[in-house]
Amino acid sequence: MARAASAPGTRGEARLAGAERLRARLRAPGRRGALWGGGGGSGAGGLGLGRVAFRAGAMAFWAALSPSIVEYFEGEDFYRCGYCKNESGSRSNGMWAHSMTVQDYQDLIDRGWRRCRPLQFQPSKSHKKVLKKMLKFLAKGEISRGNCEDEPMEDAVAGDFGLINKLDIQCDLKTLSDDLKESLESEEKKKGKSSKKEESNELSRSQDIEEKLGSGEPSHSVKVHTAPKPGKGADLSKPPCRKAKEIRKERKRLKLMQQNPDGELGGLQARREPSFCPPKAKSNQPKSLEDLIFESLPENASHKLEVRVVRSSPPSSQFKATFQESYQVYKRYQMVIHKDPPDKPTVSQFTRFLCNSPLEAENPPNGPDCGYGSFHQQYWLDGKIIAVGVIDILPYCVSSVYLYYDPDYSFLSLGVYSALREIAFTRQLHEKTSQLNYYYMGFYIHSCPKMKYKGQYRPSDLLCPETYVWVPIEQCLPSLENSKYCRFNQDPQAVDEGRSREPDRLQVLYKKVVMPYGVYRKQQKDPSEEAAVLQYARLVGQACSERMLLFRN
């Protein structure tokens with residue numbers, strides 16, 4: 001699922017304002033080595049890591065002084081966007097990372113992304129349906145096929161939601177229809193002709209509900225309650241109304257008890273025990289995400305799913321042992337989903353795009369057991385890899401970068417499923433590392449269906465493009481309906497507190513010498529050089545500009 005800053009996190013329209021903000025993601029299409037590069041595109045169009053390879057020895061030496069070394073590029077000509085398909089809808093403008101500390105990367109993505117708050121996350125009805133579909137497949141081998149078969153994995157979730165909402169609609173309308181039918185039949189016996197008129201009105205309202213649900217809105221957002229007519233409100237002298245389904249169950253239970261006066265229901269009770277037990281008190285606590293994901297399977301389950309986290313950079317022994325199998329899954333994914341020819345992508349392209357990473361691996365004592373850095377989350381079904389999620393684990397978050405999968409298993413809605421597993425994984429890491437409590441899915445693009453799905457994972461926040469403070473997405477959506485670019489912070493006096501205030505303190509690596517920008521500037525005569533460096537300083541902020549080395553050639 002292209003959810004992060006590589007192919008998925010295309011230019012966030014809420015984050016851009018003209019040429020000055022033409023930076024898209026903290027990983028260009030070339031993923032591992034690019035920062036803030038590529039305004040869009042879904043392939044490996046930004047595979048420019050040849051630049052990273054130069055002066056490897058010198059870079060290693062300087063990395064010992066300041067591990068984060070980057071090059072900034074003002075931008076290239078506009079080119080085709082892999083999402084909106086506009087032939088000139090994308091532009092690269094950003095920087096390449098030769099090396100990068102996880103803390104610098106964390107600070108950089110906090111100046112340009114959206115984030116989900118996993119600790120407060122509750123799966124929606126659509127999410128639950130995907131998890132139940134996976135459980136049914138694992139337990140009984142049941143396959144639910146539909147539009148999901150053709151889901152485009154880069155933003156497969158967008159396609160999934162259309163199908164899931166449709167399934168929700170069918171289920172909700174069937175229940176609604178049954179309840180309305182029984183209720184109306186009862187009323188008809190009491191009120192005769194007048195009830196027929198009300199029946200017509202109720203059915204009309206039901207049709208209105210169906211039309212609204214069919215428009216793609218989540219089913220839970222539609223309320224079917226209608227205000228009582230004047231003089232026909234609730235009669236407080238009578239018992240409260242009950243659902244038709246509960247009434248039907250009660251009648252059936254009484255009928256069976258009449259047939260069995262001694263209360264002995266025999267074998268029937270063993271088969272339908274929940275129906276004949278006294279009603280249990282309903283718990284106000286819904287099932288947690290973990291309860292839904294890790295629900296117990298029968299001993300004779302049809303399939304076994306295992307999720308393994310392996311470090312991809314530097315490659316661990318587990319990563320090396322599974323590299324070829326992982327590559328073959330990616331190749332199949334590209335051929336089926338993106339119609340790539342059989343000779344692409346090459347091993348080299350795959351490695352540069354999804355395996356190589358400028359992030360320095362770190363294993364501090366107060367960090368997660370797996371450490372910080374770049375990882376692959378492998379989904380093993382019955383002993384073979386069917387999907388791989390590319391993630392970065394940082395001091396305060398898990399950053400979702402990419403997901404590819406075996407097209408034969410698209411019916412499992414792996415885009416949605418993997419996102420939910422990554423949210424659960426973030427919560428698991430939080431138990432050991434308390435400050436790690438966010439999940440980053442890349443830019444949110446309100447006008448792009450392939451990006452809009454990210455708004456379904458809530459609670460979540462969008463970053464104000466002018467003051468760099470997080471704002472709940474619910475507050476941002478009305479503004480995004482009216483304009484592609486918005487300032488989300490409602491305080492007109494607020495400014496970017498982390499902005500570059502002293503650009504002369506920015507650190508530059510020039511001719512093998514580290515120097516403040518104030519010294520470097522005196523050696524330059526090209527006016528465009530100063531504009532580029534100052535733009536870089538505005539984008540990364542004061543703290544990162546002083547910690548990282550800006551390589552100038």
Is it true that [Y] and [X] share a donor-acceptor pair across their side chains at a distance under 3.5 Å?
X	Y	result
Glu422	Tyr439	yes
Thr322	Gln378	yes
Ser460	Arg114	yes

Does the plane of the ring in Tyr453 sit parallel, tilted or perpendicular to the ring in Tyr457? Use 30° and 60° as the thresholds. perpendicular
Look at the rings of Tyr404 and Tyr333 and say which category their plane angle falls in: under 30° parallel, 30 to 60° tilted, over 60° perpendicular. tilted
Is it possible for you to check whether Arg115 lies under 6.0 Å from the centre of the six-membered ring of Tyr438, through NZ or CZ, and within 45° of that ring's axis?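 Yes, a cation-pi geometry.
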Below 4.0 angstrom, N of the basic side chain to O of the carboxylate: do Arg547 and Asp107 qualify? yes
Please determine whether a side-chain nitrogen of the Lys or Arg among Glu529 and Arg521 lies less than 4.0 Å from a carboxylate oxygen of the Asp or Glu.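 Salt bridge absent between Glu529 and Arg521.
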Side chains of Leu436 and Pro395, heavy atoms from C-beta outward: is any pair under 4.5 Å?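 Counting from C-beta outward, Leu436 and Pro395 never come under 4.5 Å.
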Between Phe350 and Phe323, does the ring centre distance come in under 6.0 Å?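 Centroid distance Phe350-Phe323: below 6.0 Å, so yes.
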For Gln106, which of Asp104, Val102, Asp110 qualifies under side-chain contact (heavy atoms from CB on, under 4.5 Å)? Asp110
Could you tell me which non-hydrogen atom of Asn363 sits nearest to which non-hydrogen atom of Asp369, and how far apart they are?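 Closest approach of Asn363 to Asp369: ND2-O, 4.3 Å.
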Salt bridge (charged side-chain N to carboxylate O under 4.0 Å, His left out) for Arg458 and Glu474? Distances and angles first, verdict last. CA-CA 9 Å; Arg458 299 185 184 183; Glu474 293 84 358; 3.7 Å; yes
